[in-house]
K.L.:
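Next up is a structure, given as structure tokens.
Residue numbers count from 1 along this sequence.
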Amino acid sequence: MAIRTILEFPHPVLRQKASPISVFNEELKDMVADMTETMYDAPGIGLAAPQIGESIQLIVVDVAKLEAEQQVLVMINPRIISQEGSQVDEEGCLSVIDLTANVKRFQKITVTYQDLDGNLLEISTEDRFAVVLQHEIDHLHGVLFIDHLSALKRTLYKKKVQKMLTEKKA
Ligand code: NI
């Protein structure tokens with residue numbers, strides 16, 4: 001296992017549409033192990049493969065009941081097949097540094113996905129966990145939570161990042 005570098009906005013890989021996974025092999029298991037280690041090291045509650053530069057449809061989400069525990073749900077090729085209601089909750093992202101903001105999401109979702117052995121599974125979830133899944137699945141479509149904010153907030157954030165990058169170079 002290895003801790004991988006988390007890419008940050010505006011890295012172009014974060015904007016790519018991730019490819020579906022069709023081969024369920026050791027290499028994939030190794031990548032999941034890396035992503036899990038990287039997520040807990042950050043620390044974060046979810047991580048999508050594009051965030052470590054792998055443009056494939058894979059996410060890991062922390063589902064541990066207690067903070068000291070580690071339990072990970074691995075979702076391959078996840079797809080939201082139904083949704084209802086709406087909720088607003090605060091979000092942040094390991095790839096969008098120095099920003100948290102309220103985002104409107106569906107309140108309840110049903111997601112189909114495959115596990116590490118390629119079995120097709122389905123999960124229905126609501127509230128905070130539904131937010132996390134929508135956020136991570138967005139990453140597989142090249143979408144970041146800032147895309148859900150107003151144009152003004154997004155522009156302010158882009159300017160802030162540009163300024164940080166300029167200062168880094170200087
Ligand atoms: Ni994120």
K.L.:
In chain order, what residues pass the salt bridge (charged side-chain N to carboxylate O under 4.0 Å, His left out) check against Arg79, with sequence neighbours excluded?
P.N.:
none

K.L.:
Kindly write out the residues that satisfy salt bridge (charged side-chain N to carboxylate O under 4.0 Å, His left out) with Arg15, not counting sequence neighbours, or none if the list is empty.
P.N.:
Asp147

K.L.:
Per the salt bridge (Lys or Arg N to Asp or Glu O under 4.0 Å) rule, what does the pair list look like for residues 100-116, sequence neighbours excluded?
P.N.:
Glu91-Arg105, Arg105-Asp138

K.L.:
Which heavy atom of Ile21 sits nearest to which heavy atom of Val23, and what is that distance?
P.N.:
CG2-O, 3.6 Å

K.L.:
Taking the side chain as every heavy atom from C-beta outward, state whether Ile81 and Val111 have any pair of such atoms under 4.5 Å apart.
P.N.:
no

K.L.:
For the hydrophobic clusters of this structure (ILVMFWY residues joined by side-chain heavy atoms under 4.5 Å, transitively), does one cluster hold both Val13 and Ile59?
P.N.:
no

K.L.:
I want to check something: taking the side chain as every heavy atom from C-beta on, are Val131 and Gln87 in contact at a cut-off of under 4.5 Å?
P.N.:
yes

K.L.:
Pairs under 3.5 angstrom only: tabulate donor-acceptor contacts from the side chains of residues 33-53 to other protein residues two or more places apart or in another chain.
P.N.:
residue : atom : partner : partner atom : Å
Asp34   : OD1  : Ala2    : N            : 2.7
Asp34   : OD2  : Arg4    : NH1          : 3.3
Thr36   : OG1  : Val32   : O            : 2.8
Glu37   : OE1  : Ala2    : N            : 3.2
Thr38   : OG1  : Arg4    : N            : 2.9
Thr38   : OG1  : Asp34   : O            : 2.6
Tyr40   : OH   : Asp62   : OD1          : 2.4
Tyr40   : OH   : Gln71   : N            : 3.2
Tyr40   : OH   : Gln71   : O            : 3.4
Gln51   : OE1  : Ala48   : N            : 2.9
Gln51   : NE2  : Ser95   : OG           : 2.9

K.L.:
Kindly indicate, with the supporting measurements, whether the criterion side chain to side chain contact (heavy atoms under 4.5 Å, CB included) is fulfilled by His135 and Val61.
P.N.:
CA-CA 11 Å; His135 177 117; Val61 186; over 6 Å; no

K.L.:
Can you tell me how far apart SG (Cys93) and CG (Leu14) are? Round to the nearest 0.5 Å.
P.N.:
7.5 Å

K.L.:
Strictly distance-based, threshold 3.5 Å: is any side-chain N or O of Lys153 a donor or acceptor partner for the main-chain N or O of His148?
P.N.:
no

K.L.:
Do Ile137 and Val72 share a hydrophobic cluster (ILVMFWY, side-chain heavy atoms under 4.5 Å, transitive)?
P.N.:
no

K.L.:
Just by distance, with hydrogens left out, do Asn102 and Glu90 show a side-chain donor and acceptor under 3.5 Å apart?
P.N.:
no

K.L.:
Identify the heavy atoms of Thr100 and Gly92 that sit nearest to each other, and give their distance.
P.N.:
CG2-CA, 4.2 Å

K.L.:
Would you say Val60 and Glu136 make side-chain contact, with heavy atoms under 4.5 Å?
P.N.:
no

K.L.:
Could you list who else is in Leu152's hydrophobic cluster, with ILVMFWY side chains joined at under 4.5 Å, directly or through other members?
P.N.:
Leu156

K.L.:
To check you understand the geometry: which heavy-atom pair defines the closest contact between Ile76 and Phe24, and what is its length?
P.N.:
CG2-CE2, 3.8 Å

K.L.:
Can you sort out the partners of Thr155 under side-chain hydrogen bond (donor to acceptor under 3.5 Å, both in side chains), two or more places apart, ordered by chain and number?
P.N.:
none

K.L.:
Taking ILVMFWY side chains as joined if any heavy atoms are under 4.5 angstrom apart, and letting links pass through other members, which residues group with Leu120?
P.N.:
none

K.L.:
First locate atom CD1 of Ile109, then atom CZ of Phe129, and finally report the distance between them rounded to the nearest 0.5 Å.
P.N.:
8.5 Å

K.L.:
For residues Ile97 and Val161, determine if any side-chain heavy atom of one lies less than 4.5 Å from a side-chain heavy atom of the other.
P.N.:
no

K.L.:
What pair of heavy atoms forms the shortest contact from Gln162 to Thr166, and how long is it?
P.N.:
O-OG1, 2.6 Å

K.L.:
Is any side-chain heavy atom of Met75 closer than 4.5 Å to one of Leu133?
P.N.:
yes

K.L.:
Check whether Leu94 and Leu144 end up in the same hydrophobic cluster, where Ile, Leu, Val, Met, Phe, Trp and Tyr are linked by side-chain heavy atoms less than 4.5 Å apart.
P.N.:
no

K.L.:
Once ring-ring contact (aromatic ring centres under 6.0 Å, His included) is applied, what residue pairs with a partner in residues 150-170 remain, sequence neighbours excluded?
P.N.:
Phe9-Tyr157

K.L.:
Looking at Glu69, I'd like to know if its CD atom is crowded, meaning that more than 12 non-hydrogen atoms belonging to other residues, nucleotides or ligands lie closer than 6.0 Å.
P.N.:
yes

K.L.:
May I ask you to test the Ile80-Thr110 pair for a side-chain heavy-atom distance under 4.5 Å?
P.N.:
no

K.L.:
Any salt bridge (Lys or Arg N to Asp or Glu O under 4.0 Å) pairs touching residues 123-134, not counting sequence neighbours?
P.N.:
Asp89-Arg128

K.L.:
Mind checking the CD-CG spacing from Gln114 to Leu28? Nearest 0.5 Å is all I need.
P.N.:
10.0 Å

K.L.:
I'd like to check Leu58 versus Val74 (side-chain heavy atoms, cut-off strictly below 4.5 Å). Are they in contact?
P.N.:
yes

K.L.:
Report whether Leu73 and Leu121 are members of the same hydrophobic cluster (ILVMFWY, side-chain heavy atoms less than 4.5 Å apart, transitive linking).
P.N.:
yes

K.L.:
Quick one: pull up OG in Ser124 and CD in Gln83 and give me the separation to the nearest 0.5 Å.
P.N.:
11.5 Å

K.L.:
Any donor and acceptor pair, going by atom type alone, linking the side chain of Gln134 with main-chain N or O of Phe106 inside 3.5 Å?
P.N.:
yes

K.L.:
What residues, two or more places apart in sequence or in another chain, satisfy salt bridge (charged side-chain N to carboxylate O under 4.0 Å, His left out) together with Glu167?
P.N.:
Lys163

K.L.:
Is the backbone N or O of Val143 less than 3.5 Å from a side-chain atom of His141, with the two atoms forming a donor-acceptor pair by type?
P.N.:
no

K.L.:
Give me the other members of the hydrophobic cluster that Leu66 sits in, counting Ile, Leu, Val, Met, Phe, Trp and Tyr linked by side-chain heavy atoms under 4.5 Å, directly or via other members.
P.N.:
none

K.L.:
Going by side-chain hydrogen bond (donor to acceptor under 3.5 Å, both in side chains), name the residues that satisfy it together with Gln16, two or more places apart in sequence or in a different chain.
P.N.:
Ser55

K.L.:
Within the 4.5 Å heavy-atom criterion, are Phe145 and Val96 side-chain neighbours or not?
P.N.:
yes

